[in-house]
Every structure is written in structure tokens, then in C-alpha cells.
Amino acid sequence: MSKKVIQVYDRPAGGWGALKSVAQQIFEQGIPGKGARTLLSANQPDGFDCPGCAWPDADHTSTFEFCENGAKAVAAESTARRATPEFFSDYTVQQLSEKSDHWLEAQGRLTHPLQYDKASDKYKPIAWDAAFDLIAGHLNTLPSPNDAIFYTSGRTSNEAAFLYQLFVREFGTNNFPDCSNMCHEPSGFAMREAIGIGKGTVLLSDFQKTDAIFIFGQNPGTNHPRMLGELRAASKRGAAIVSFNPLRERGLEKFQDPQAMGEMLSGQATSISSDYVQLKIGGDLAAVKGIIKAVLEADSVALRNGLPRIIDVAFIAEHTSHFDTFVKDVEAESWDAITTESGLSKTQLQAVANTYMSAKSVIACWGMGITQHKHSVATIRMIVNLLLLRGNIGRPGAGPCPVRGHSNVQGDRTMGINEKPSASFLKRLGEVFDFVPPVEHGYDTVGAIETMLADKNKVFFAMGGNFATATPDTELTHRALKQCALTVHVTTKLNRSHLICGRDALILPCLGRTEIDVQASGQQAVSVEDSMSMVHLSSGINPPASPHLLSEPMIVARLAHATLKQKSKTDWMGLVANYDKIREKIAEVFVDFSDFNQRVKVPGGFHLRNTASERIWITATGKANFYAYQVPRDLPIHKARQNQVAPVFNLATIRSHDQYNTTVYGLNDRYRGVFGERRVLFINKEDIAQLSMQAGDWVDLVSVAEDGTRREAKRFMLVGYNIPLGCLAAYFPETNGLVPLSSFADNARTPTSKSIPVMLSAHIEECPA
Ligand SMILES: Nc1nc2c(c(=O)[nH]1)N[C@H]1C(S)=C(S)[C@@H](COP(=O)(O)OP(=O)(O)OC[C@H]3O[C@@H](n4cnc5c(=O)[nH]c(N)nc54)[C@H](O)[C@@H]3O)O[C@H]1N2
Ligand SMILES: Nc1nc2c(c(=O)[nH]1)N[C@H]1C(S)=C(S)[C@@H](COP(=O)(O)OP(=O)(O)OC[C@H]3O[C@@H](n4cnc5c(=O)[nH]c(N)nc54)[C@H](O)[C@@H]3O)O[C@H]1N2
Ligand SMILES: [Mo]
């Protein structure tokens, strides 16, 4: 057990600490020689795509790009540890459930397909054919195909995702909840109607051309470490970098590039943010509206004085709609509402407005600090409004840049993992594969949990991920899964979802990104799409963790074969024998993937067309749309504060430096100065004093929800932190039980994991009887 230490981290992000951490991971996973070789193959033209995050690589041909957390993800997959049938014979599922997430992960790669045996409460090996027959038997006896739910997590390759959605639609449903529903769903939704495409418009090269980068609610030092390389270069060029974050995040302040020998040896670092805007949790819409108000006021002054206009009048006239309504709304908003709700002064906002106005081109990046709120869609549209004001979309060095999470989450959506598919896509899919796809929209993540709770005996199938732990309202989600007739998880490692079993339950172990995938025609490569719409190949280099593993495309093909039998006209086994054949079909279905096999084989891959970046707006108005939104004053936190006498805090659930979503690698959060403990609560020191408590005290959290249900998370240690009054942060997934299933983003239904109203009380240690 590591020692608990809380201390100020005053060194830059990156640096020797990052190198040390990688060495430690390789050592802990027991893979010294193999580990280094595997790392060197990450993101190389003939290697595999790093499973860490969706940040792109320069041309995908650069020499080894160092990334500490990518290295952790790679090392975790290449581990020498194995969770074999012998391991499973030693533990009941009940005993495994009592272990920590960290312990489950540390048991290593799964080696055999496993079936849950209720009598012994243990997982036992099962033959692949028997496993597929069991699933097919369940699926084919459901009253309706809509009683089956097919979840996807964003590591799944394009080829696997394409086959998976095809199988599920041939089976007869659009029930595709996916991790996107908990992640960047609001970004896609907000941008589709605003600019006609649900993806960011910038390329990596735009970071080299921009004058200013605005970063909202993102912690790249931990979650997209390779992004720090671009930020460092931009900062060195003198570009402005403005970070909007309630927490002081080290990676947004200072970075020492482990690849820059000079910096490493001299101990120097590069400053990242030129301005750090420490706003209140959920205060971004107000802040951006304030900046817009300041820009419009400056523009009016210019107009009155006959000076050059500040807003891009020509762009607005030619390319946008609803501008006048929008301006009226901004004028009507009071500075009082803006400053109260953002927690920022007018002077601070005017300073950012000045930065915005003096930059010829501006990129706006955002992450989970923006998307996981009730008003996330409105906030994203306000960011787009800000960009539109000065024509900052569709020209070099400018544009919106939602920074995606999972390495292929964007590609999965492109391939049709979507509970609300468009009619034109379904029509084309039906034509190419000669069947009639279901048109009824399916369940998203929240909807899937609701339906599993309401009706028992569903089938829940997960292509990767950790549904039971990543979702909100943990108790309800677990109950929902336990009520299923069958739960199936395609996975690389053991996690908690596998222990929340339906009446029947299966674990199907698959190849990981780093492993060699051999099919009938020889060794295969898969493709992925990064956060900037670059599509490229990924081929594993390590031998599979066990000879019994199947690739994800093969699992789908054999399942489809077993389930659909003669009903399907698709040559499942032919497609999976050679993934080029899958790509040929992808090219037939999607115009943007024409000549897919040729184009994807060029080192670095190819860029998918992005209409907004060409200033072509595929929206209802044929233009980019301005949207008016009032600064919200009726969010869950406002309502909760109205009804309580005791202080109600706004809690954001965030990632530590030693985790990949629900995968916990270790107990340290180096850049925030936390070591050996995950149950911590970041809180302003004045708030600690107000509570008559001290740093280091242990507290319980109770969420204050509109539905009146009491949700608790017990035993968190107070850590005094540089965070605004009334705001708290703690790690996910320990806090997921506090997020009500019914609390989600307007229109996008993303759980509000970054704004949970909570109250605190001293934790009382239960005495052993
Ligand atoms: N190593 C590692 N890499 C990862 C992941 C991982 O877990 N580990 N996860 C991957 C995935 S799936 C995703 S989606 C991304 C997530 O990457 P991020 O988007 O960086 O995710 P978070 O850690 O959840 O938090 C983001 C930041 O939002 C801030 N924040 C909280 N509330 C607010 C708010 O109201 N306003 C503003 N402006 N900021 C706020 C927090 O302080 C934090 O710095 O990373 C991906 N990459
Ligand atoms: N409170 C709170 N909740 C959140 C968030 C938050 O910020 N706060 N963030 C949300 C976000 S942004 C996301 S994306 C979701 C993540 O939700 P998920 O995507 O469901 O969760 P992960 O933890 O990324 O999934 C990890 C598991 O994936 C499996 N896995 C790893 N590699 C592979 C592979 O190659 N193939 C297969 N088949 N399986 C593999 C392993 O079993 C591993 O345990 O969580 C969401 N939940
Ligand atoms: Mo995510």
C-alpha cells in the first residue's frame, strides 16, 4: 500500500517525472524489453494507433512522440499478467466484487471466453461456439429485437464498428447506447445544427498558424498529453493561450517537454497559458457571453467613431443567420448575471475579449468541463457564436476543436454507431446489404438504463467499456443490469461490469490494438479516425495475449452468423477473412470513404471531408446559425441552493493522472499533488474553514437532487485546493453514484457529471461490532 501524501506540486507538467512514471509502468506490468519495443511502435505509420486518446499525430509519420499516459495505456494492454480460468476458479463473483477497480484491472489480460455459473457463483470457461449459440438463443427468443441493447465504447475500430452496427440492424434494432452519450454527444448535437457538421473543423497544422487558443474545461496535461506539444510550440511563437478552468491544472500552466533535451537538462519549462480564467463550475456560458458582450460593445464604439469594425461584417452577412436576434439577446443580458454566474469580473472578461479581438485567428478547444452539464449544448453554441463573430471558422488557424476522448470514438459514430441514424444512411445501408433496416430510433445510454429498469429480461451486449461503472446512478444501473436475461462483455481485461451479471453472463476476450491480428487471408490492419477527422491504419506488433482470443470483427461476424443464419444475405465469414473487404463495403455505404483501401494505405492516412471547414453549411438555413441563450439561473445547483439552509456545493467529477476512465492504474495524481489516495475532495481552503473543518478531515457527500432520492458517497478526504468558493472536485467513478439518472444535458442527454449539487458532513467511522 502506497503512502498517502498531499503536497503542492510546483514543478512543470511532463519532465523527468513523466519519464520516471513510464519506466515504473513498464516495470510494474512485467514487460521490460517488450514494453520499450511496443512503445516505440505507437503511432508509427506501420505500427498501431495509440489506444490512449484521440489527439492526432503530426502526419502520423513523426518519430516516437513521447506521451506518459499513452505509455500507461499501452503498457496496461501489453502486460505480462494473465487472468486465466485457474484464477477464476479461485474466486466467486461475490469475492471479486469486494475487490477494488484497481485490483481487478491488475489481474491482467483475459485468456478464455467465460460463462457465469450461478450454482458456484463463478466464471467458468466456455467454447466460443457454445458462447455464440447461447447469445443467439437469447436474442432469437426475445419478444422484439428492441429488447436487446448493444453498447459500444470508443476503442472499437472502424471495421469492427461497421460490422457491429450492420449485424445489430440486420437483427432489427437501433439500440446503440455508446460512451459518446456520456462524453461529447452535446458537441455533436450543438454543432450539427449550428454549423452543419458534428465534428471539429481544425487540423493539427492550424495550431501552428493560430494567434490564440481558448481552452475550455479540458485537462490536456493528463488526458491529452500530446496536445501539450502543440501548446508549447504555440506559446513559444507568442500565440495567446487562454485557459478556462475552475481548477488550477499544472499542464495548463507549465510544461517541460521530455523530448526537448535542452529543457530537460536545464530544468527550464515553457509557460502554457498566457491567461488563466478561473471561473465557477458551470459558468462558461456566462463567461463566453460576457466576452461576446464586450466584443459587441467595442464594435459599437468603433462603428460610432468611424473606425474599422471589430466583428467580421462581411462573413456574418454572407455566411450566418439569426445574427440580429442574437445581438438583441446579448444586449439584453445584464453584466450582473454574467459576473455572478461566471464568478468573473467584467474587467477579467474584457481582458479576454481584448485577446480575442487582437487575434487574427482563434481556435476554441473544449472537453468534459463543458459537455457534462445541463446547459452544455447552449454553452457549446455560445462558443461557436464567439467564433462566428470574427469569421473564425473555415480559415487557417481558426475553428472549433472539441477534443475527443477514446481513440476511435469519433470513428465509431462515423461508422453508424448511432441510436438516431439518419434516413439516408439507413437507406444506403439497406441497398448495399439487401435488407430493410429498422427505422425506429433506439436507446441512448440513459434510455438503455431506464428500459432495463422498467422491463426485466433484456439482453445487454457491450463491445468494450465498463458500462456499470462509467454510467450515473450506480445503484440503479447495477439493478438494471442484474435484471437482464443475459449480459455479454467483449473485453481485454476484467472490470466491474463483468461482475454485475444478468441471469446468464458471458465474458468474451478479444485482441487489443497492440496485438497481431491474423485472419484467413493473413495479417490484418484496422482503421481509426482521430479527433481531427484523420483516418489511418493501425496494425498490432505483439503476439496475442492468449491463443484463444478473437478479434472484435471476428466476434461480430461469428455472432451474426450464429444469430441471423440464412436470414442474412451478408457473407460474414468472407468479410472477416480479409478486412479490405469490410473497407470495400464501408466505401460503398459512405461517399466520403471512396477508394478507402487505397487512401488509407498512404502513410498518415487521409482527411475526411469537413464541410464547415470549407464554409459550406449543411443546416436548415443553409448558413451557420447564431443561437441566443440566456445565462441560466435555474440549473440543478440553483434549485438545490434555494431549498437548503446548509451550504450546497457544486461538484465536478474528474480524472486523476493515474486512470483511464474507469481503469485505475494507480493511486497518484501527481500534478495535483495527491499521492496514495483516490478518495479526496478538492475544496477551497476558506470553504474548509467555513465548515469548521481542516484539510485532511474525512467527509461524506450527499447529493441534493430534484427527485428527492438520497444519494451518498462516503469517506472523502478534504484537500485544500486552488478552486473557487462553492466548487468541489473529486474523481470519477467513485462519485458516479451521486449523479441522478434523470439529470442530463438538455437535448443531448449526457449525464451532468460536472455539476452535482452536494452537501458535506463529517464522516463518522463505523465501529466494528
Ligand atoms: N490519461 C487519460 N487520458 C484520457 C482519459 C483518461 O481517463 N485518462 N479519458 C479519455 C476520455 S474518454 C475523455 S472524454 C477525455 C477527457 O479529458 P478532459 O475533458 O480533460 O476530462 P476531465 O478530467 O473529466 O476534466 C476536464 C477538466 O474540466 C475542468 N472542469 C470541471 N468543471 C468545469 C466547468 O464547469 N467549466 C470548465 N471550464 N472546466 C471545468 C476540470 O477541472 C478538468 O480540468 O480524455 C481522454 N484521455
Ligand atoms: N462521473 C463521471 N462519469 C463519467 C465521466 C466523467 O467525467 N465523470 N466520463 C464519461 C466519459 S467521457 C466516457 S468516454 C465514459 C467511458 O465509458 P467506457 O468507455 O464504458 O469505459 P472505459 O473505462 O473507457 O472502459 C474500459 C474498459 O474497456 C475495455 N477495453 C479496453 N481496451 C479494449 C479493447 O481494445 N477492446 C474491447 N472490447 N475492450 C477494451 C476494458 O475491459 C476496460 O476495462 O465514462 C463516462 N463517465
Ligand atoms: Mo470520453
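As the structure is a prediction and not an experimental result, all values here were calculated from the model. Every number for a ligand or one of its atoms is a count from 1 in the order of the listing.
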Per-atom contacts of ligand 1 with [X], taking only distances under 4.0 Å to non-hydrogen atoms:
X      : result
His373 : 34 (C), 35 (O)
Ile281 : 35 (O)
Gly282 : 34 (C), 35 (O)
Gly367 : 19 (O)
Thr222 : 1 (N), 2 (C), 3 (N)
Cys53  : 47 (N)
Gly217 : 19 (O), 26 (C), 27 (C), 28 (O), 37 (C), 38 (N), 39 (N), 40 (C)
Leu247 : 42 (O)

Among protein heavy atoms, which sits nearest to [atom], and what does the distance come to when rounded to 0.1 Å?
atom                    : result
atom 4 (C) of ligand 2  : Phe732 CE1, 3.3 Å
atom 13 (C) of ligand 2 : Arg655 NH2, 4.1 Å
atom 40 (C) of ligand 2 : Thr492 OG1, 3.6 Å

Shortest heavy-atom approach to [atom] - which of [options]:
atom                    : options                        : result
atom 19 (O) of ligand 1 : Glu249, Lys280, Met368         : Met368
atom 11 (C) of ligand 1 : Gly405, Gly154, Cys727, Ser755 : Gly405
atom 25 (O) of ligand 1 : Arg404, Gln372, Lys754, Gln218 : Lys754
atom 17 (O) of ligand 1 : Leu285, Asn219, Asn223, Ile215 : Asn223
atom 36 (N) of ligand 1 : Asp284, Val664, Val403         : Asp284

Parallel, tilted or perpendicular: rings of [Y] and [X] (30°, 60°):
X      : Y      : value
Phe132 : Trp128 : parallel
Phe176 : Phe150 : tilted
Tyr731 : Phe682 : perpendicular
Phe467 : Phe460 : tilted

Thr662 versus Asp101, closest heavy-atom pair with distance | O-CB, 4.3 Å
Heavy-atom contacts under 4.0 Å between [X] and ligand 2: side chain, backbone, both, or neither?
X      : answer
His489 : neither
Met182 : both
Glu552 : side chain
Asn495 : side chain
Ala470 : both

Is His184 in contact with ligand 1, taking contact as a heavy-atom separation below 4.0 Å?
->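 Judged by the 4.0 Å heavy-atom criterion, His184 does not count as contacting ligand 1.
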Please state whether Cys183 comes within less than 4.0 angstrom of ligand 1, counting heavy atoms only.
-> yes
Does this structure show an ion pair linking [X] with [Y], if we count only N-O contacts that are shorter than 4.0 Å?
X      : Y      : value
Glu249 : Arg672 : yes
Arg679 : Glu734 : no
Arg413 : Asp178 : yes
Lys72  : Glu77  : no
Glu105 : Lys99  : no
Glu341 : Lys280 : no

Would you mind running through ligand 2 and noting each atom that sits below 4.0 Å from a heavy atom of [X]?
X      : result
Cys179 : 14 (S), 19 (O)
Val490 : 37 (C), 38 (N), 39 (N)
Ser753 : 1 (N), 2 (C), 3 (N), 8 (N)
Cys510 : 36 (N), 37 (C), 38 (N)
Tyr151 : 17 (O), 18 (P), 19 (O), 20 (O)
Ser153 : 18 (P), 19 (O)
Lys493 : 42 (O)
His406 : 14 (S), 19 (O), 24 (O)

Using a cut-off of 6.0 Å, state whether more than 12 heavy atoms not belonging to Glu712 lie near its atom CD.
->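 Yes, because the 6.0 Å sphere around CD of Glu712 holds more than 12 heavy atoms from other groups.
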Check each heavy atom of Lys72 against ligand 1 and say whether those closer than 4.0 Å belong to the side chain, the backbone, both or neither.
->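 It is neither; nothing of Lys72 touches ligand 1.
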Just heavy atoms, cut-off under 4.0 Å: does Asn69 contact ligand 1 by side chain, backbone, both, or neither?
->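 For Asn69, only side-chain atoms sit under 4.0 Å from ligand 1.
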Decide side-chain contact (heavy atoms from CB on, under 4.5 Å) for Thr371 and Cys183; before the verdict, give the C-alpha distance in whole Å, the side-chain angles of both, and the deciding distance to 0.1 Å.
-> CA-CA 7 Å; Thr371 63; Cys183 186; 5.9 Å; no
Would you verify whether the NZ or CZ of Arg513 falls within 45 degrees of the ring axis of Phe48 while also being under 6.0 Å from that six-membered ring's centre?
->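 Not satisfied by the 6.0 Å and 45° rule.
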Is it true that Thr735 lies under 4.0 Å from ligand 2, counting heavy atoms only?
->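 Contact absent.
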Is the shortest N/O to N/O distance between [X] and ligand 2 below 3.5 Å?
X      : answer
Glu77  : no
Gly465 : yes
Arg513 : no

Give the intermediate values and the outcome of ring-ring contact (aromatic ring centres under 6.0 Å, His included) for residues Tyr660 and His406.
-> CA-CA 10 Å; Tyr660 192 91; His406 270 299; 5.5 Å; yes
Sub-6.0 Å ring centroid separation between Phe244 and Phe214 |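 Ring-ring flag for Phe244/Phe214: true, centres closer than 6.0 Å.
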Let me see the working for Asn661 and Arg655 under side-chain contact (heavy atoms from CB on, under 4.5 Å), right down to the final yes or no.
-> CA-CA 7 Å; Asn661 296 340; Arg655 292 154 170 79; 2.9 Å; yes
Per the side-chain contact (heavy atoms from CB on, under 4.5 Å) rule, which among Leu252, Ile281, Val277, Asp284 passes with Asn245?
->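 Of the listed residues Leu252, Ile281, Val277, Asp284, the side-chain contact (heavy atoms from CB on, under 4.5 Å) partner of Asn245 is Leu252.
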From the options Val739, Thr477, Asn181, select the one residue that forms a side-chain contact (heavy atoms from CB on, under 4.5 Å) with Thr471.
->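 Per the side-chain contact (heavy atoms from CB on, under 4.5 Å) rule, the option paired with Thr471 is Thr477, out of Val739, Thr477, Asn181.
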Under the 3.5 angstrom rule, does the side chain of Tyr356 hit a backbone N or O of Leu386 as a donor-acceptor pair?
->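 The answer is yes, because a donor-acceptor pair under 3.5 Å joins these two groups.
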